Participant: 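Please find one structure pasted underneath; my questions will follow.
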Amino acid sequence: MPLDPRFGLFMSRASKSWPQVRDEFLMADELGFDHAWLVDHLLDTDGPPELPCLEAWTLLAALAAVTTRLRLGVLVSSNTFRNPALLAKEAVTVDHVSGGRLILGVGTGWHADEHRRYGFDLPEPVERVDRLEEAVEILVRLQEEPRVTFDGRHYRLDDAVFEPRPVQRP
């Protein structure tokens with residue numbers, strides 16, 4: 001079986017302006033990289049929290065509009081930062097802006113100081129995994145069903161319509 005290697009980049013945005021981030025993604029696109037990723041953090045988790053840090057999903061939509069072939073994603077979206085129905089709408093919007101080049105990744109969330117600083121609850125690991133399980137079910141159902149009602153322990157949807165549909169079919 002022949003190998004089909006793919007090459008991607010994690011692109012830091014800490015202490016970088018929009019033009020700097022844009023130019024780095026454009027260079028990755030022009031050089032032929034297959035995918036490039038941002039992280040879903042509200043502050044730089046490797047340096048001082050005072051460093052400037054643009055928000056990932058808003059930035060990803062802008063990058064989707066200026067790149068042409070590079071697959072894009074957030075590595076990974078913290079389930080503790082947004083309701084999964086909102087994440088689904090953000091993702092489908094970026095999928096449309098990019099012409100179907102979005103890669104969606106979701107995780108439980110982890111950075112306690114970041115959660116504290118921005119007022120997000122960070123439950124114990126077992127509850128975060130339970131929340132992620134419900135979130136994944138919601139994300140899948142929104143893509144597969146025209147209307148979704150969901151009544152879980154952590155999330156609720158009542159006849160949620162999910163239009164437009166994603167460009168790509170998972």
Side-chain angles (χ1 to χ4, degrees), residues 8-14 18 21 25 35-46 49 51-65 67 70-170:
L9 298 168
F10 158 71
M11 308 288 267
S12 173
R13 64 188 193 283
W18 156 243
V21 175
F25 270 75
H35 46 89
W37 303 86
L38 299 171
V39 293
D40 194 17
H41 287 290
L42 305 173
L43 52 79
D44 182 11
T45 59
D46 295 323
L51 293 177
C53 189
L54 297 167
E55 192 279 324
W57 274 97
T58 309
L59 189 58
L60 195 66
L63 292 166
T67 56
L70 193 63
R71 292 187 52 89
L72 306 163
V74 176
L75 189 64
V76 295
S77 296
S78 176
N79 190 51
T80 54
F81 288 165
R82 59 188 67 76
N83 181 289
L86 174 61
L87 176 61
K89 291 300 278 187
E90 291 170 335
V92 79
T93 299
V94 173
D95 194 47
H96 277 264
V97 171
S98 71
R101 294 180 289 124
L102 174 71
I103 303 170
L104 177 61
V106 186
T108 61
W110 65 274
H111 197 272
D113 186 50
E114 176 181 41
H115 282 74
R116 179 190 59 76
R117 287 176 184 271
Y118 289 94
F120 290 103
D121 291 336
L122 185 64
E124 292 300 313
V126 170
E127 182 178 333
R128 292 198 314 260
V129 170
D130 289 344
R131 287 176 182 251
L132 181 62
E133 184 177 13
E134 284 187 18
V136 169
E137 181 178 345
I138 288 168
L139 290 166
V140 169
R141 288 187 57 196
L142 284 170
Q143 292 181 63
E144 293 176 348
E145 302 170 20
R147 294 174 180 269
V148 176
T149 296
F150 182 87
D151 189 18
R153 266 188 70 216
H154 306 288
Y155 302 108
R156 282 169 294 292
L157 281 71
D158 182 15
D159 197 31
V161 177
F162 194 68
E163 290 291 339
R165 309 307 288 172
V167 172
Q168 53 185 319
R169 297 303 303 164

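The chain is numbered in sequence order, starting from 1. The shown structure was predicted, so the numbers you read here are calculated from the model rather than taken from an experiment.
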Participant: Is there a side-chain contact between Gln168 and Asp95, using heavy atoms and a 4.5 Å cut-off?
Facilitator: yes
Participant: Between CG of Leu54 and CG of Leu38, what distance do you get to the nearest 0.5 Å?
Facilitator: 9.5 Å
Participant: Report yes or no: does Asp40 contribute a side-chain atom to a donor-acceptor pair with the main-chain N or O of Val74 at less than 3.5 Å?
Facilitator: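 Pair absent, no side-chain N/O of Asp40 close to backbone of Val74.
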Participant: Among residues at least two apart in sequence or on other chains, which ones pass side-chain hydrogen bond (donor to acceptor under 3.5 Å, both in side chains) with Thr45?
Facilitator: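 Expected list: none.
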Participant: Applying salt bridge (Lys or Arg N to Asp or Glu O under 4.0 Å), can you list everything that pairs with Asp46, at least two apart in sequence or on another chain?
Facilitator: none
Participant: Scan for salt bridge (charged side-chain N to carboxylate O under 4.0 Å, His left out) pairs involving residues 158-167, sequence neighbours excluded, and state none if there are none.
Facilitator: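 Non-adjacent pairs meeting salt bridge (charged side-chain N to carboxylate O under 4.0 Å, His left out): Arg147-Asp159.
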Participant: Around atom CD of Glu134, are there more than 12 heavy atoms from other residues, nucleotides or ligands closer than 6.0 Å?
Facilitator: yes
Participant: Against Trp37, only a single residue in Val76, Leu60, Leu9, Ile103 fulfils side chain to side chain contact (heavy atoms under 4.5 Å, CB included); can you say which?
Facilitator: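 Going through the options one by one, the only one that passes is Ile103.
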Participant: What pairs with Glu127 under side-chain hydrogen bond (donor to acceptor under 3.5 Å, both in side chains), at least two apart in sequence or on another chain?
Facilitator: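 By the side-chain hydrogen bond (donor to acceptor under 3.5 Å, both in side chains) rule, Glu127 matches Arg131.
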Participant: Return the CD1 to CG distance between Ile138 and Leu86, rounded to the nearest 0.5 Å.
Facilitator: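 Here the rounded value is 12.0 Å.
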Participant: Sequence neighbours left out, what passes side-chain contact (heavy atoms from CB on, under 4.5 Å) with Ala64? Give chain and number order.
Facilitator: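 Once residues adjacent in sequence are excluded, the partners of Ala64 under the side-chain contact (heavy atoms from CB on, under 4.5 Å) criterion are Leu72, Val94, Val97, Ser98.
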Participant: Mind checking whether Pro164 and Lys89 have side chains closer than 4.5 Å, heavy atoms only?
Facilitator: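 Yes. Closest side-chain heavy atoms under 4.5 Å.
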Participant: Would you list the pairs meeting ring pair (Phe, Tyr, Trp, His ring centres under 6.0 Å) in which at least one residue belongs to residues 139-158, sequence neighbours left out?
Facilitator: none
Participant: Is it true that a side-chain atom of Arg128 and a backbone atom of Gly109 form a donor plus acceptor pair closer than 3.5 Å?
Facilitator: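 The answer is yes, because a donor-acceptor pair under 3.5 Å joins these two groups.
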Participant: By the salt bridge (charged side-chain N to carboxylate O under 4.0 Å, His left out) test, which pairs, at least two apart or in different chains, include something from residues 51-65?
Facilitator: Glu55-Arg82
Participant: Just to verify, what does Ser77 make a side-chain hydrogen bond (donor to acceptor under 3.5 Å, both in side chains) with, not counting sequence neighbours?
Facilitator: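 Only Trp57 meet the side-chain hydrogen bond (donor to acceptor under 3.5 Å, both in side chains) criterion with Ser77.
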Participant: Can you tell me which residue pairs pass the salt bridge (charged side-chain N to carboxylate O under 4.0 Å, His left out) test with a partner in residues 99-120, sequence neighbours excluded?
Facilitator: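 Counting only pairs at least two positions apart or across chains, the salt bridge (charged side-chain N to carboxylate O under 4.0 Å, His left out) contacts touching residues 99-120 are Asp113-Arg116, Asp113-Arg117.
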Participant: Kindly give the heavy-atom pair with the smallest separation between Ala88 and Leu139, and that separation in Å.
Facilitator: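 In this case the closest contact between Ala88 and Leu139 is CB-CD2, 3.7 Å.
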Participant: Are side-chain heavy atoms of His41 and Trp110 found at a separation under 4.5 Å?
Facilitator: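 They are in contact (side-chain heavy atoms under 4.5 Å apart), so the answer is yes.
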Participant: Distance check, rounded to the nearest 0.5 Å: His35 atom NE2 versus Leu102 atom CG?
Facilitator: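 So the gap between those two atoms works out to 13.5 Å.
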Participant: Can you list every ring pair (Phe, Tyr, Trp, His ring centres under 6.0 Å) pair that touches residues 71-101, not counting sequence neighbours?
Facilitator: Phe81-His115, Phe81-Phe120
Participant: Main chain of Pro123, side chain of Asp121: is a donor-acceptor contact present, judged purely on distance under 3.5 Å?
Facilitator: no
Participant: Before you tell me yes or no, could you show the steps for Val39 and Phe10 under side-chain contact (heavy atoms from CB on, under 4.5 Å), namely the whole-Å CA-CA distance, both residues' side-chain angles and the distance that decides it to 0.1 Å?
Facilitator: CA-CA 8 Å; Val39 293; Phe10 158 71; 3.1 Å; yes
Participant: What distance separates Asn83 CG from Leu157 CG, expressed to the nearest 0.5 Å?
Facilitator: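 So the gap between those two atoms works out to 6.5 Å.
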Participant: Would you please name every residue forming a salt bridge (Lys or Arg N to Asp or Glu O under 4.0 Å) with Glu145, sequence neighbours left out?
Facilitator: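 Residues passing salt bridge (Lys or Arg N to Asp or Glu O under 4.0 Å) with Glu145: Arg141.
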Participant: Who pairs with His111 by side-chain hydrogen bond (donor to acceptor under 3.5 Å, both in side chains), at least two apart in sequence or on another chain?
Facilitator: none
Participant: Would Leu63 and Trp18 satisfy side-chain contact (heavy atoms from CB on, under 4.5 Å), going step by step from the backbone distance to the final call?
Facilitator: CA-CA 10 Å; Leu63 292 166; Trp18 156 243; 3.8 Å; yes
